[in-house]
S.K.: 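Sharing a structure here in structure tokens format.
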Amino acid sequence: MRLLLAEDDQMIGEAVRTGLRRQGLTVDWVQDGIAAKAALGTETFDLILLDLGLPKLDGLQVLRWLRGTGSTTPVLILTARDSVNDRIKGLDAGADDYIIKPFEFEELAARVRAVSRRKSGRADNVIEHMGVTLNPANRAVTRDGENVSLSQREFSLLEALLERPGQVWSRSQLEERLYGWGEEVESNAVEVHIHNLRKKLAPEFIQNVRGVGYRVRATQ
Ligand code: CA
């Protein structure tokens, strides 16, 4: 999952970015509203963590602009304890949930999972597809009931493919999903991860659509 974190507080920003990266999420961090808008206008994110008190353009303005573009990307707002009004305005402007500062990182991570689960229409955390299960909460993957050990990138790649079985992802879409700004990407990184996933799951589990990209087969 690729997240945009818009937060001007250095300490909170660092802690959230480090924590989420440790869980294998791709996190890009901006520190003001203009930069948030620029990032959202040019890149695709699966979820946005949006501080309301941002310099240059506040979080509420960013949110209203985003929803005005027709974007349905889930937004979790970060607000101060005493700003009930802001939370209401945020939810009314199209935020999906909020978390009050200061927060425990574990709670934030759980809310991120909950919001993205609702977005994908699942009541349950675990994704199941053709004998393979993936649990974003504990990052466990099984095949035919047996645990499969994946690297963080392999997990993220599999998670992307399993979100919408049948949908083809191009190599550059997968790279964008797996790597944040400033992270070096080897030119054949995606192919290597795909190769490893096929070895660990099953060669036919991931299909190569010639000249287009990769997908897992839709079950019908
Ligand atoms: Ca702030």
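All ligand and atom numbering here is 1-based and tracks the order in the structure.
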S.K.: Suppose we only allow N, O or S atoms; which atom of Asp8 ends up nearest to the Ca ion (ligand 1)?
M.R.: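 Answer by atom name: OD1.
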S.K.: Does atom CD (Glu128) have a neighbourhood of more than 12 heavy atoms from anything else shown, all under 6.0 Å?
M.R.: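 It does not: Glu128 CD has 12 such atoms or fewer within range.
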S.K.: Is there an N/O/S atom in Leu78 that lies less than 3.0 Å from the Ca ion (ligand 1)?
M.R.: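 It does not: Leu78 brings no N, O or S atom closer than 3.0 Å to the Ca ion (ligand 1).
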S.K.: What I want to find out is whether Glu163 reaches Arg177 closely enough, with some N-O distance under 4.0 Å, to be called a salt bridge.
M.R.: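 Salt bridge: yes.
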S.K.: When you check the gap from the basic side-chain N to the acidic O, do Arg217 and Glu204 get nearer than 4.0 Å?
M.R.: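 The answer is no: the pair does not qualify as a salt bridge.
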S.K.: Kindly give the atom name of the N, O or S atom of Asp51 closest to the Ca ion (ligand 1).
M.R.: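 Closest N, O or S atom of Asp51 to the Ca ion (ligand 1): OD2.
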S.K.: When you look at CZ of Arg139, are more than 12 heavy atoms from neighbouring residues, nucleotides or ligands closer to it than 6.0 Å?
M.R.: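 Count over threshold, so yes.
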